[in-house]
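Here the structure comes first, spelled out in structure tokens, and everything after it is commentary.
In each ligand, atom 1 is the first atom listed, and ligand 1 is the first ligand listed.
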Amino acid sequence: MGKIEVMSEDLANKIAAGEVVEKTMNVVKELVENSIDAKSTEIKINLIDSGVKEITVIDDGIGMDKSDAVLAFSRHATSKLKTLEDLFYVSSLGFRGEALPSIASVSHVNLKTCNGSVGTEVEIEGGTIKEVGSSDLKKGTRITVTKLFYNTPVRLKYLKNLYTELANITDYVNKMALSFPNIKFVLTNNDKVLLNTDGRGNLLKVIGNIYGIELTKKMIYIDANNDDYEIKGYISYPECARTSKNNITVLVNGRSIRNSELTKIIIESYHTYIPESKYPIVVLNIETDPILIDVNIHPTKMDIKFSKIDTLKELINKAVKEKLETINLIPEIKEIYKEDENISSSIPLYNYEEESPKPNVLEYSLNLEVKEDKEDYNVLVKDEDENKFNDMPVKEEQADSNRIKKMYPVGVVHATYIIAENEDGMYIIDQHAAAERINYEKYLEKLTTHDNTSIDLLIPIKLEFSNKDYIILKENMQILTDMGFVIEEFGINTLLIRSHPYWLPDYAQEEAIKKIIDIVIMTEDFDNYKFIDRIAATLACKMSIKANDRITLTDMEDLLERLRNTKNPFTCPHGRPTIITYSNYELEKLFKRVMN
Ligand code: ZN
Ligand code: ZN
């Protein structure tokens with residue numbers, strides 16, 4: 001008996017609302033999701049000219065019998081759903097039964113399928129079945145779509161956008177490979193392999209297939225749970241940050257979804273670890289009871305709303321932050337060799353947001369002893385103890401409260417870069433960035449302790465404002481008072497600062513006061529954390545030694561020691577690195593004292 005039934009017109013219309021098969025990516029998506037639903041373990045997607053000329057999807061799934069194969073192209077057929085309610089508990093991906101007919105109506109389709117006993121071949125042109133016969137296919141389904149959009153005006157438009165189409169398809173298939181590490185995905189365009197995973201269930205390996213094998217050494221396994229949610233996945237070292245948010249993949253119960261709040265909280269968890277315009281590479285799976293999610297099914301994306309989103313956000317934020325706080329993140333400078341022959345390393349990284357692909361070049365890499373043995377990759381979906389190796393990269397001797405070893409300064413270059421050493425190697429420290437980190441954490445602490453102790457100024461500072469700024473300031477005077485300012489009105493649009501918070505540096509009080517007041521004037525939303533963070537970062541930048549400021553060796557010792565004692569000694573508040581290193585081994589290699 002066939003598995004496909006025709007769903008009610010009403011349901012079909014509701015699902016179809018807004019859907020048009022208008023991009024090659026959507027066609028690929030429909031076909032691939034049908035293949036996944038057919039329990040395939042291997043899915044090959046072969047494109048010609050980004051799919052505009054031809055899309056072939058071959059799977060080894062359960063296939064269809066003759067009646068299903070014919071019915072598959074009739075409007076609104078579905079094997080999965082009967083009522084609208086089912087939509088919300090649907091466990092399969094290709095819930096839109098009319099996808100195949102939609103595709104068939106704007107193209108030529110050849111379908112070969114076999115359910116294990118009978119092989120069927122169906123030929124459709126512009127939605128009309130031309131031929132039904134038998135096929136020699138032994139198992140699974142093979143669908144070839146040609147002349148896509150041949151009978152619609154969009155065709156020409158897409159011919160101009162081959163690159164974007166390919167970028168979107170690549171991105172989609174990447175995300176499916178990350179969602180289903182147990183399925184082997186092969187994607188080719190004009191015979192060039194763009195992705196080739198092994199389908200052995202190893203998520204880290206899939207990440208390697210997509211981003212290059214080097215990156216897998218810089219992915220950190222995370223794992224956490226609360227009463228409602230369990231999260232598992234990989235987050236990248238801050239140094240691997242990319243220019244697109246699109247490398248943040250969030251899965252719910254193994255399914256790729258979009259939720260801007262979760263993406264935002266992941267980015268925020270990296271706050272000050274990476275610059276604001278850069279984003280980490282993350283693959284995070286959230287396991288939860290479907291009862292806690294509300295799926296807004298839109299034909300082209302999965303938007304999910306979570307009940308108890310706040311506890312989920314907290315869980316993610318804490319897991320990412322805590323992990324970043326346990327690892328030595330000093331980027332190591334290495335001789336860069338040509339990438340190996342691994343096909344994946346030659347894949348350009350496509351992004352929705354970027355016009356051109358960014359080559360996967362890592363300027364420096366970390367000093368982590370990662371075993372070369374490929375079998376040591378971790379599996380997201382497997383047992384916890386399988387993941388030990390990625391929990392590990394912290395070296396034992398760094399297990400004390402300081403994440404980095406003591407460094408001894410030996411000199412300074414261009415009055416900007418301190419050169420230091422210890423038994424592990426040589427370090428280069430940006431003196432401004434380092435001082436900025438120290439001061440930032442100091443101000444942040446002072447600002448969050450709500451101690452409004454103030455110090456009287458010997459000579460009060462008189463500040464004049466425009467009438468607009470004056471009004472804003474008067475409205476927000478309490479914020480300044482809470483910090484420890486004592487301010488009086490002093491004539492037209494003028495304020496008199498009598499006292500300031502005790503922690504402002506003596507040597508630049510006036511400058512610091514003006515900076516804080518500027519921030520109050522410019523701030524639109526006094527979201528407490530962001531406002532305070534901004535003040536701390538701005539003051540830290542202003543109050544820290546600059547590049548080209550000459551400092552003594554003793555000052556350097558002091559600076560390095562204080563940097564070592566910060567919570568995050570690796571980056572300044574703006575996410576720039578404070579330290580980079582050459583390991584002893586790398587130095588020896590560079591000077592050919594050792595050969596490898
Ligand atoms: Zn600065
Ligand atoms: Zn900075």
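- With respect to the salt-bridge test (charged N to carboxylate O, under 4.0 angstrom), the residues Glu322 and Lys318 qualify.
- If you check the side chains of Asn422 and Tyr427, you find a donor sitting under 3.5 Å from an acceptor.
- For Lys405 and Glu423, the salt-bridge test passes: some basic side-chain N is under 4.0 Å from an acidic carboxylate O.
- Qualifying ring-ring contact (aromatic ring centres under 6.0 Å, His included) partners for Phe531, counting only residues two or more places apart in sequence or in other chains: Phe526.
- Of all protein atoms, those of element N, O or S that lie under 2.8 Å from the Zn ion (ligand 1) number 3.
- No side-chain donor-acceptor contact under 3.5 Å links His500 and Asp456.
- Contact between Asn202 and Pro181 at its shortest, heavy atoms only, is N-CB, 4.0 Å.
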